[in-house]
There are 2 protein chains.
Amino acid sequence: MSAKLWLAQLHENGYRITKARGAVVEIVETSNRALTPVEVYDMARKKYRALGLVTVYRTLEKLEELHLIQRVHQPMGCQAFISAGHGHQHLLLCQNCGQVEFFEGDDLDVLTKSIAKKTGYQINEHWLQLFGLCAACRKN
Amino acid sequence: MSAKLWLAQLHENGYRITKARGAVVEIVETSNRALTPVEVYDMARKKYRALGLVTVYRTLEKLEELHLIQRVHQPMGCQAFISAGHGHQHLLLCQNCGQVEFFEGDDLDVLTKSIAKKTGYQINEHWLQLFGLCAACRKN
DNA sequence: TACTTATTGAAATTGATTTTCAATAAAGAA
DNA sequence: TTCTTTATTGAAAATCAATTTCAATAAGTA
Ligand SMILES: [Mn+2]
Ligand SMILES: [Mn+2]
Ligand SMILES: [Zn+2]
Ligand SMILES: [Zn+2]
């Protein structure tokens, strides 16, 4: 996925393509760590000085709505966003530098069936997230 | 765990036992769903009218510090707290009524080892949460 | 009981997010 | 291209949650 495709997605959904949106998309799409609205604002303003923080909020809202980005929950806070994975994927986060990797292939069927039986719940979804140190940060 | 034990814990850690704390503890300790500070405030004020919202925030902070409660992350928000589980446990949440159950016995060793190898990460922690409908809510 | 000081709630403050609004510019039509 | 429509913009104001300040109070201890 490239910034161009994200803008095309916005356009297809009836949203206009503007310089403000272009700057926000460029930043968020290429980041390998989750960014807060203010971080996006600071970084995107280097590409488009006139950008307003309000527009960052509004653009992130739309990108989330189109599933192009997703919110990242962390012990320190839950206001950061990252370019979304495709299909059923989960996150692996570096506790030192914030780097995000996606992974798939978790198989929780046995577990969920057993929990469902034990608790009487109908289980619909799961959240799974791994935390650790990325290869670069391990070396310090 | 009972409210009395929580207060004893607070006392052991050098905190004083007050009516305000008693009311907050009573509410949080007995709830089977995660409560926000305002919810705790509203409910605890029925037991102790003079209670201030500030004190709720301050008490929750201390209870979290002592690991008596834990924050619950949900799609709708992450400002709610529930009485903490013991040892390594995970949450199962009812998407309808908010009921929380704890479960253990997940085994993610094979998965984490495989992801570690694939990504070069050293994996330290994991978050796992299940969502569904509790037995009561299934029947509607 | 008397003393020390942690705790309290009200009020003020901070900080993040949302709303309002008039000016602007994107998109499509002519 | 120019024109027209209207979504989008950023500044400013408003809202909302959370934190800090502070003088009065009450918990714990001697
Ligand atoms: Mn999964
Ligand atoms: Mn586990
Ligand atoms: Zn790292
Ligand atoms: Zn339920």
Side-chain angles (χ1 to χ4, degrees), chain A residues 3-4 6-28 34-66 69 71-81, chain B residues 3-4 6-28 34-66 69 71-81:
Chain A
K4 281 200 170 40
W6 284 28
L7 292 172
Q9 282 277 323
L10 283 167
H11 196 230
E12 275 169 39
N13 285 79
Y15 297 118
R16 293 181 181 176
I17 294 175
T18 67
K19 287 180 186 174
R21 283 174 182 165
V24 170
V25 162
E26 248 188 84
I27 293 302
V28 178
L35 301 174
T36 63
V38 173
E39 285 175 325
V40 172
Y41 174 68
D42 289 337
M43 295 167 75
R45 251 162 55 91
K46 286 173 185 148
K47 296 184 178 288
Y48 179 57
R49 268 256 153 262
L51 178 67
L53 179 55
V54 204
T55 300
V56 173
Y57 277 98
R58 291 191 279 223
T59 304
L60 290 175
E61 196 175 83
K62 285 168 182 61
L63 294 176
E64 190 179 24
E65 182 185 302
L66 298 178
I69 63 172
R71 184 180 296 270
V72 176
H73 297 259
Q74 283 179 272
M76 2 117 65
C78 308
Q79 354 294 325
F81 295 86
Chain B
K4 281 199 171 38
W6 285 28
L7 293 172
Q9 281 277 323
L10 283 168
H11 196 232
E12 275 170 39
N13 285 81
Y15 297 119
R16 293 182 180 176
I17 295 176
T18 66
K19 287 181 186 172
R21 284 175 182 165
V24 170
V25 163
E26 249 188 82
I27 293 303
V28 179
L35 301 174
T36 64
V38 173
E39 284 174 326
V40 173
Y41 175 68
D42 289 337
M43 296 168 75
R45 251 161 55 92
K46 284 172 187 148
K47 296 185 180 283
Y48 180 58
R49 267 258 152 265
L51 178 67
L53 179 56
V54 202
T55 300
V56 173
Y57 277 101
R58 291 191 278 225
T59 304
L60 291 175
E61 197 175 81
K62 285 168 182 58
L63 294 176
E64 191 180 23
E65 183 185 301
L66 298 178
I69 62 173
R71 184 180 296 273
V72 176
H73 297 259
Q74 282 179 273
M76 3 120 63
C78 307
Q79 353 293 324
F81 295 86

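These figures come from a predicted structure and were not determined experimentally.
- At least one side-chain heavy atom of A:Glu65 sits less than 4.5 Å from a side-chain heavy atom of A:Tyr15.
- Rounded to whole angstrom, the span from the CG atom of A:Leu53 across to the P atom of C:dT18 amounts to 10 Å.
- Proximity of A:Ile69 to A:Trp6: side-chain heavy atoms (C-beta onward) are separated by under 4.5 Å at one or more points.
- In this structure, CD1 in B:Ile17 is found 5.0 Å from CG in B:Leu7, a value given to the nearest 0.5 Å.
- Between A:Met76 atom CE and C:dA16 atom C1' there is a gap of 16 Å when expressed in whole angstrom units.
- Annotation: side chain of B:Val54 is in contact with side chain of B:Arg58 (closest heavy-atom distance under 4.5 Å).
- Side-chain N/O atoms of A:Arg58 include none lying less than 4.0 angstrom from OP1 or OP2 on C:dT18.
- For the atom pair CD1 (B:Ile27) and CZ (B:Arg45), the distance works out to 12.5 Å, reported to the nearest 0.5 Å.
- Between the CD atom of B:Glu61 and the P atom of D:dA18 there is a distance of 12 Å, given to the nearest Å.
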**Asked** Nucleotide by nucleotide, 5' to 3', does protein get under 4.0 Å of the base (B), only the sugar-phosphate (S), or neither (-) in nucleotides 23-30 of chain D, counting heavy atoms?
**Response** ---BBS--
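- Annotation: the span from A:Leu63 atom CG to A:Gln9 atom CD amounts to 10.0 Å, rounded to 0.5 Å.
- Atom CG of A:Asn13 and atom P of C:dA27 are 14 Å apart (whole Å).
- Atoms CZ and NE2, on B:Arg71 and A:His73 in that order, are 12.0 Å from each other to the nearest 0.5 Å.
- As judged by a 4.0 angstrom heavy-atom cut-off over every strand, B:Tyr48 is placed among residues touching the sugar-phosphate backbone only.
- Distance check: B:Thr36 OG1 to B:Asp42 CG gives 8.0 Å after rounding to the nearest 0.5 Å.
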Output one line per pair: protein atom, nucleotide atom from nucleotides 14-17 of chain D, and distance, for all N/O pairs under 3.5 Å.
none

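- Nucleotide D:dA18 holds its P atom 10 Å from the CG atom of B:Leu60, rounded to whole Å.
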